[in-house]
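Each remark here refers to the structure printed beneath this line.
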Amino acid sequence: MSAVPRPPLRRDAIIDEARALISRDGLDALTLRALGNRFGVSAPALYAHFTDKEDLLRAVAERQFDDLMARYVEIDAAADPDRPLDRVRAQCRNYVRMAREDPELFRVMFLFPPDFGGLAAVPEASELPAATKAFRMATGALEDAIAVGDLEADDPLVVALSVWAGVHGVANICLLGLGLDAEGEEALVTEVTDRI
């Protein structure tokens with residue numbers, strides 16, 4: 001009696017399974033051996049699709065940033081072009097919401113930095129293109145706010161990095177398990193973005 005043939009491994013399926021494992025068991029639980037077991041293969045079989053665990057984590061992070069950018073695109077489509085600060089606030093709220101929805105996958109996003117356009121040095125080969133694209137989308141909203149006079153700033157990149165630092169801090173505070181309700185979270189996001 002012959003064994004039932006196993007369907008071929010697909011890169012997308014491996015990424016999906018890695019995301020599910022991280023989401024359920026935490027980032028530290030992800031090993032290539034554990035992931036291979038989920039597919040009934042040895043860890044080396046995954047090397048046909050990923051060079052190593054870091055390569056797999058980059059793919060997971062790319063997928064998370066793709067999800068964040070999809071949210072930003074929806075915000076942009078619904079935004080009043082005369083009120084770009086509303087767009088900035090909506091992006092910040094969605095950023096925090098994404099962190100709260102899946103803290104472990106949120107952690108993966110920041111294993112690899114964006115390119116800050118020369119504002120800060122990023123270690124060679126560590127830049128994540130999707131992170132850079134998301135950062136540029138957020139910077140675009142701030143550039144629009146500067147253009148209409150809602151913000152006074154010489155360098156939108158400095159403003160973008162400042163807003164990101166503040167909102168990333170809010171996201172991490174929300175992940176501490178302090179029991180902050182949605183209204184408190186909203187107030188904190190608004191306070192931080194308005195202060196910056």
Pairs satisfying ring pair (Phe, Tyr, Trp, His ring centres under 6.0 Å), at least one member in residues 140-162, at least two apart: none
Connected via hydrophobic side-chain network under 4.5 Å: Val73 and Met109: yes
Charged N-O contact under 4.0 Å between Glu104 and Arg107: yes
Same cluster (ILVMFWY, side-chain, under 4.5 Å), Val148 and Leu142: no
Side-chain H-bond candidate by donor/acceptor type, Gln64 with Arg19, under 3.5 Å: yes
Result of checking Phe110, Phe106, Tyr72 against Phe65 for ring-ring contact (aromatic ring centres under 6.0 Å, His included): Phe110
Greater than 12 external heavy atoms within 6.0 Å of Arg10's CZ: no
For residues 158-169, which side-chain N or O atoms pair as donor and acceptor with protein atoms under 3.5 Å away, sequence neighbours left out?
residue: Ser162; atom: OG; partner: Val158; partner atom: O; Å: 2.8
residue: Trp164; atom: NE1; partner: Tyr95; partner atom: OH; Å: 2.7
residue: His168; atom: ND1; partner: Tyr95; partner atom: OH; Å: 2.6
residue: His168; atom: NE2; partner: Asn172; partner atom: ND2; Å: 3.2

Partner residues of Arg38 under the side chain to side chain donor-acceptor pair (under 3.5 Å) criterion, sequence neighbours left out: Glu17
His49 side chain vs Leu9 backbone, donor-acceptor pair below 3.5 Å: yes
Arg58 bridged to Asp55 by N-O distance under 4.0 Å: no
Any residue meeting salt bridge (charged side-chain N to carboxylate O under 4.0 Å, His left out) with Arg100, in chain and number order, not counting sequence neighbours: Glu185
Which donor-acceptor pairs under 3.5 Å do the side chains of residues 177-184 make with protein atoms, sequence neighbours left out?
residue: Asp181; atom: OD1; partner: Glu183; partner atom: N; Å: 3.3
residue: Asp181; atom: OD1; partner: Gly184; partner atom: N; Å: 2.7

Salt-bridge criterion met for Arg63 and Asp12 (N-O under 4.0 Å): yes
Criterion side-chain contact (heavy atoms from CB on, under 4.5 Å) against Ile22, the qualifying member of Asp28, Val60, Asp102: Val60
Of all pairs that satisfy salt bridge (Lys or Arg N to Asp or Glu O under 4.0 Å), the ones with a partner from residues 133-153, not counting sequence neighbours: Arg87-Asp144
